[in-house]
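Computed from heavy atoms alone, side chains included, the values below leave out hydrogens, waters and symmetry copies. Throughout, protein chains are lettered first and strands after them, A, B, ... in sequence-line order, and every chain is numbered starting at 1. The model shown is predicted, which means the values in this text are computed figures rather than measured ones.
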Amino acid sequence: MDVAVPPLSPDTIFMPLDQPLELKSTLESGQAFRWQQDGEWWWGVVGRHAYALRQVDGGLDVRSSSRSMSAAVTELHDFLRLDDDLDAVYQRLAVDQPLAKAVERYRGMRILRQEPWECLASFLCTPTSNISRISANLKSVAETYGETLTLDGHRLYRFPGASRLAEAGEKGLRGLGLGFHGKFLAQAAKVVADGQLDLMALRSASYQEAKTALLELPGVGDKVADCVLLFSLEKLDGFPVDRWVRRALVDWYGHPEKAKYRDLLEWAQTKWGSDAGYVQQYLFHHRRLQDASDRAD
DNA sequence: GAAGGGCCTTTGAG
DNA sequence: ACTCAAAGGCCCT
């Protein structure tokens, strides 16, 4: 069946994919909070540039504020972790019932390789919050303090650097509705801006070394640390246990409700090794959306 | 050292 | 108008 397709603007390029990718679940599964859907296009920022992405047969249509489209494709490839062999991960997880179900539903959901500072700042805003509020908070922060980018008439904002948010301070951030998260974010911003913590260097550190360093920051406990490790610091064995993952582990794998965080973490890492991060993402997303649809009944 | 409890911001749902 | 919950962490017993 033929569908009328508007012509692509001249600077749209097609990026072929040889990996499973589903944009919606990847960008709306609580790992990144600033991508926005407008019709079939997804708008967001990676590095120094704005992007618009559209899922099409066999790949993505890409628009970017970058002058070099080859650099843009490289940057997206990195961001989307297309270097991970997701089908191989699926094969290893297929023996497990809840995971097989989650993979069937959300095939193509990928872990993202985010910028460590934005990732840390984002997850400092998550405790006892919810995804829609977290997204609103981070949007305010970026619009207030971030550099403006434009792409095809759309305005997007880079996430502000640590020194900019250190200047903003707790007051400025609380003023944006961040609540007590504003204090943690301001404090972390100062530590990073002062060079006391080199986030990028943690990419080449071990899981334990990197985690120990993150746990020094006020507002960073086991869970936030594991999110930053998994979503931005190359630690695919990171296994953040939040409310939803805990429910999944209790109901589907027989763990006691009050199991200690570190016992659950060790169990997951022993069982799934460096697939633990993907396991967590599928359990989280599956469980969260399942409960949401149950409530809608 | 482990375990339990109170507290912290804001927002939306019921 | 009230209570509950939301990708938790900290501090005190």
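Contact annotation for A:R247: backbone-only contact, meaning every heavy-atom pair under 4.0 Å involves sugar-phosphate atoms and none involves a base. Using a 4.0 Å heavy-atom criterion, one finds that A:K183 contacts no nucleic acid atom at all. Contact annotation for A:V220: backbone-only contact, meaning every heavy-atom pair under 4.0 Å involves sugar-phosphate atoms and none involves a base. When heavy atoms are screened at a 4.0 angstrom cut-off, A:S29 is found touching base atoms of the nucleic acid.
Rounded to an integer number of Å, the gap from A:L230 CG to C:dA7 C1' is 12 Å. One interatomic measurement links the two molecules: CG of A:L138 to C1' of C:dA6, which rounds to 15 Å at whole-angstrom precision.
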From CA spacing to verdict: ring pair (Phe, Tyr, Trp, His ring centres under 6.0 Å), A:W252, A:H286: CA-CA 12 Å; A:W252 300 340; A:H286 183 34; 5.3 Å; yes
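Pairing of C:dT3, defined by two Watson-Crick or G-U wobble distances under 3.5 Å, is identified with B:dA13.
Closest approach of A:I134 and A:C125 over heavy atoms only: CG1-O, 3.7 Å.
Enclosure of atom CZ in A:R48 is not indicated, since only 12 or fewer non-hydrogen atoms of other residues, nucleotides or ligands lie within 6.0 angstrom. The number of heavy-atom neighbours closer than 6.0 Å to CD of A:E143, taken from other residues, nucleotides and ligands shown, is above 12.
You'll find the ring centres of A:F239 and A:F284 outside the 6.0 Å limit.
Distances shown here put every side-chain N or O of A:R243 at or beyond 4.0 Å from the OP1 or OP2 atom of C:dG9.
Listed by residue number, A:T128 are the residues of residues 100-131 of chain A with a heavy-atom contact under 4.0 Å to DNA chain B.
The base of B:dT9 lies close enough to the side chain of A:R133 for a donor and an acceptor atom to sit less than 3.5 Å apart.
Here the separation of C:dA6 from B:dA3, taken at their C1' atoms, is 24 Å to the nearest Å.
A tilted orientation is assigned to the rings of A:W117 and A:F159, their planes being inclined by 30° to 60°.
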